[in-house]
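Whatever order the structure lists ligands and atoms in, that order sets their numbers, starting from 1.
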Amino acid sequence: MDLHLEGKKALVIASSQGLGKAIAAELVREGADVMLVSRSDGKLEAVQQELQKLGSGVVEYYAADITIPHEVEAMVRYTAEKFGRIDILVNNGGGPSPGTFETLTDEDWDKAFQLNLLSYVRMIREVLPHMKGLGGHIVNLTSTSIKQPIPGLILSNTFRNGVAGMSKSLSQELAQYGILVNTVAPGRIETDRIIQLNESNAKAKGVSAEEVAEQSQSEIPLGRYGTPEEFAKGVVFLLSGANTYITGTTLVIDGGLVQAL
Ligand SMILES: NC(=O)c1ccc[n+]([C@@H]2O[C@H](COP(=O)([O-])OP(=O)(O)OC[C@H]3O[C@@H](n4cnc5c(N)ncnc54)[C@H](OP(=O)(O)O)[C@@H]3O)[C@@H](O)[C@H]2O)c1
């Protein structure tokens, strides 16, 4: 299948590692030009050099904190100037702090609101004028917590559902401009985030992180964590020119973990 990604201009948020980096890599392999974004200049430069070898797409980077409005504005402006247009937006960011209702403070709630919901709103607001005339694809990364709450991750269970609701509304509001908006829900894809959550669970339970990892993989019908590359392939299809009629949906990529229909 031709994904029609050659020459497309993609802005991939939180792409210095993990899921964002894997999506960026897959886009470059398919010939898209990619703007990498995270807070760390050094990490981004190393990823740029690594990804540049993968395909014909041009790889650029811009260091910005997505919770700071003027940095978001400057980053989107820079991307539009560099590439001439923006066809693809991947909204992504770091995960919220783990914790239960009784362990979290107002500060924790506010941080998660800024990082995991409001940053997505601001990003779309800035990108929209660049997509309106030409159409485009937006994917909002969330978590399986939008289908089934994850114990000990109440901030994800709350704010990721806000993103899913916004995504569905936007798919309806932006269809008139030829902009397709979808949500992706990863579950247990092996990245630093999963390693950190396992360590935090291990500490809480007084067992080793290896034991937590073993138990957590045994709960997945496919019996193992997913790889970032497996995850990225699903996302890149949604972002591609081959996807002309899927909008307002949620793609769960979790090895069969979620029990909901
Ligand atoms: N892996 C999974 O199975 C899974 C499951 C459910 C949900 N998720 C969620 O999916 C997202 C990506 O997951 P991941 O596994 O790739 O996580 P990760 O390995 O922890 O990577 C997080 C990325 O976010 C960037 N970032 C964090 N805060 C930022 C900020 N304020 N501004 C700009 N960039 C920021 C980090 O870059 P810098 O540090 O360089 O800024 C890094 O590139 C996370 O929100 C995670 O909670 C993942």
Side-chain angles (χ1 to χ4, degrees), residues 11-26 35-48 50-51 61-72 74-76 90-99 110-120 122-123 139-164 183-201 213 216-217 219-220 222 224-232 234-235 250-255 257-258:
L11 176 55
V12 185
I13 310 303
S15 42
S16 62
Q17 63 184 56
L19 304 182
K21 178 183 167 188
I23 295 166
E26 204 54 39
M35 182 66 67
L36 305 166
V37 177
S38 89
R39 294 162 300 181
S40 333
D41 246 330
K43 280 204 271 179
L44 289 170
E45 191 184 356
V47 174
Q48 179 200 33
E50 187 186 330
L51 266 51
Y61 69 90
Y62 190 96
D65 184 329
I66 55 168
T67 63
I68 301 176
H70 70 86
E71 293 196 12
V72 170
M75 175 253 289
V76 173
V90 179
N91 246 338
N92 181 26
S97 301
D110 191 47
K111 260 192 187 164
F113 168 63
Q114 296 288 335
L115 180 61
N116 300 115
L117 179 55
L118 194 54
S119 77
Y120 283 48
R122 290 197 182 114
M123 198 65 64
V139 156
N140 294 312
L141 248 88
T142 59
S143 162
T144 53
S145 63
I146 67 170
K147 294 289 180 192
Q148 189 173 298
I150 302 173
L153 274 180
I154 194 169
L155 295 175
S156 174
N157 301 337
T158 304
F159 293 112
R160 305 293 198 188
N161 278 288
V163 171
T183 303
V184 174
R188 302 193 189 166
I189 312 296
E190 196 161 22
T191 65
D192 286 2
R193 169 76 175 166
I194 289 294
I195 294 165
Q196 280 160 16
L197 288 176
N198 284 348
E199 281 165 1
S200 150
N201 280 336
S216 130
Q217 293 187 82
E219 292 161 6
I220 303 169
L222 287 181
R224 61 174 176 84
Y225 289 141
T227 67
E229 292 71 27
E230 288 174 304
F231 173 78
V235 179
T250 296
L251 179 63
V252 179
I253 306 177
D254 70 344
L257 179 68
V258 167

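- Taking a cut-off of under 4.0 Å to the non-hydrogen atoms of Thr142, the atoms of ligand 1 that pass are 7 (C), 8 (N), 9 (C).
- For ligand 1, the atoms sitting less than 4.0 Å from at least one non-hydrogen atom of Arg188 are 3 (O), numbered in the order shown with element in parentheses.
- Here is the list of ligand 1 atoms found below 4.0 Å of a heavy atom in Gly18: 16 (O).
- Across Gly18 and Pro228, no two heavy atoms sit closer than the pair O-CB, 4.3 Å.
- Among the candidates Leu51, Leu36, Ile23, the single residue satisfying the side chain to side chain contact (heavy atoms under 4.5 Å, CB included) test with Ser15 is Leu36.
- Nearest heavy-atom pair, Ala185 versus Thr250, reported as atom, atom and distance to 0.1 Å: CB-CG2, 4.2 Å.
- When each atom of ligand 1 is checked for a heavy atom of Arg160 under 4.0 Å away, the hits are 9 (C), 44 (C), 45 (O), 46 (C), 47 (O).
- With a heavy-atom cut-off of 4.0 Å, Thr144 does not touch ligand 1 at all.
- What you find for Ser145 and Arg160 is that their closest heavy atoms are OG-CG, 3.5 Å.
- Asp110 CG to Leu115 CG: the interatomic distance, rounded to the nearest 0.5 Å, is 11.0 Å.
- Of the possible polar contacts, one joining the Asn116 side chain to the Gly94 backbone as a donor-acceptor pair under 3.5 Å is found.
- Nearest protein heavy-atom neighbour of atom 34 (N) of ligand 1: Ser38 CA, 3.7 Å.
- Polar contact with ligand 1: present for Ile66 (N/O pair, distance under 3.5 Å).
- Checked against a 3.5 angstrom limit, the closest N/O atoms of Gly94 and ligand 1 fall inside it.
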For Ile194 and Tyr225: C-alpha separation, side-chain torsions, deciding distance, then whether side chain to side chain contact (heavy atoms under 4.5 Å, CB included) applies. CA-CA 9 Å; Ile194 289 294; Tyr225 289 141; 3.8 Å; yes
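- Taking every heavy atom of Lys43 and a limit of under 4.0 angstrom, the matching atoms of ligand 1 come to 38 (P), 39 (O), 40 (O).
- Among all non-hydrogen protein atoms, the one lying nearest atom 45 (O) of ligand 1 is Gly93 O, 2.7 Å.
- Scanning all protein heavy atoms for the shortest distance to atom 13 (O) of ligand 1 gives Leu19 CD1, 3.6 Å.
- Here the protein heavy atom with the shortest distance to atom 25 (C) of ligand 1 is Ala14 CB, 3.6 Å.
- Among all protein heavy atoms, the one lying closest to atom 19 (O) of ligand 1 is Gln17 NE2, 2.8 Å.
- Residue-level proximity to ligand 1 for Asp65 is carried by backbone and side chain together, each with a heavy atom below 4.0 angstrom.
- Scanning for salt bridge (charged side-chain N to carboxylate O under 4.0 Å, His left out) contacts around Arg39 gives an empty result, with sequence neighbours left out.
- If you number the atoms of ligand 1 from 1 as listed, the ones under 4.0 Å from a heavy atom of Ser40 come out as 38 (P), 39 (O), 40 (O), 41 (O).
- Across all their heavy atoms, Gly234 and Leu251 have their closest contact at O-CD2, 3.8 Å.
- In this structure, CD1 in Ile195 is found 8.0 Å from CG in Asn198, a value given to the nearest 0.5 Å.
- Nearest to atom 6 (C) of ligand 1 among the protein's heavy atoms is Pro186 O, 3.2 Å.
- Residue contacts with ligand 1 for Asn92 involve side-chain atoms from C-beta outward but no N, CA, C or O (heavy atoms, distance under 4.0 Å).
- The parts of Arg39 lying near ligand 1 are both backbone and side chain, judged by heavy-atom distances below 4.0 Å.
- Contact between Tyr120 and Val163 at its shortest, heavy atoms only, is CD2-CG1, 3.7 Å.
- With a 4.0 Å heavy-atom cut-off, ligand 1 is reached by no atom of Leu44.
- Protein heavy atom in closest approach to atom 14 (P) of ligand 1: Thr191 OG1, 3.7 Å.
- Every side-chain contact (heavy atoms from CB on, under 4.5 Å) that Pro186 has, sequence neighbours left out, goes to Leu19, Ile189, Phe231.
- Minimum interatomic distance between Asp254 and Val258 (heavy atoms only, all atoms of both residues): OD2-N, 2.7 Å.
- Atom OG1 of Thr67 and atom CZ of Arg122 lie 8.0 Å apart (nearest 0.5 Å).
- Of all the atoms in ligand 1, the ones that sit under 4.0 Å from a non-hydrogen atom of Ala64 are 32 (N), 33 (C).
- Some N or O of Gly95 is nearer than 3.5 Å to an N or O of ligand 1, by distance alone.
- If you check which protein heavy atom lies closest to atom 43 (O) of ligand 1, you get Ser16 OG, 2.8 Å.
- Atoms of ligand 1 lying under 4.0 Å from any heavy atom of Ile194, numbered from 1 in the order shown and given with element: 1 (N), 2 (C), 3 (O).
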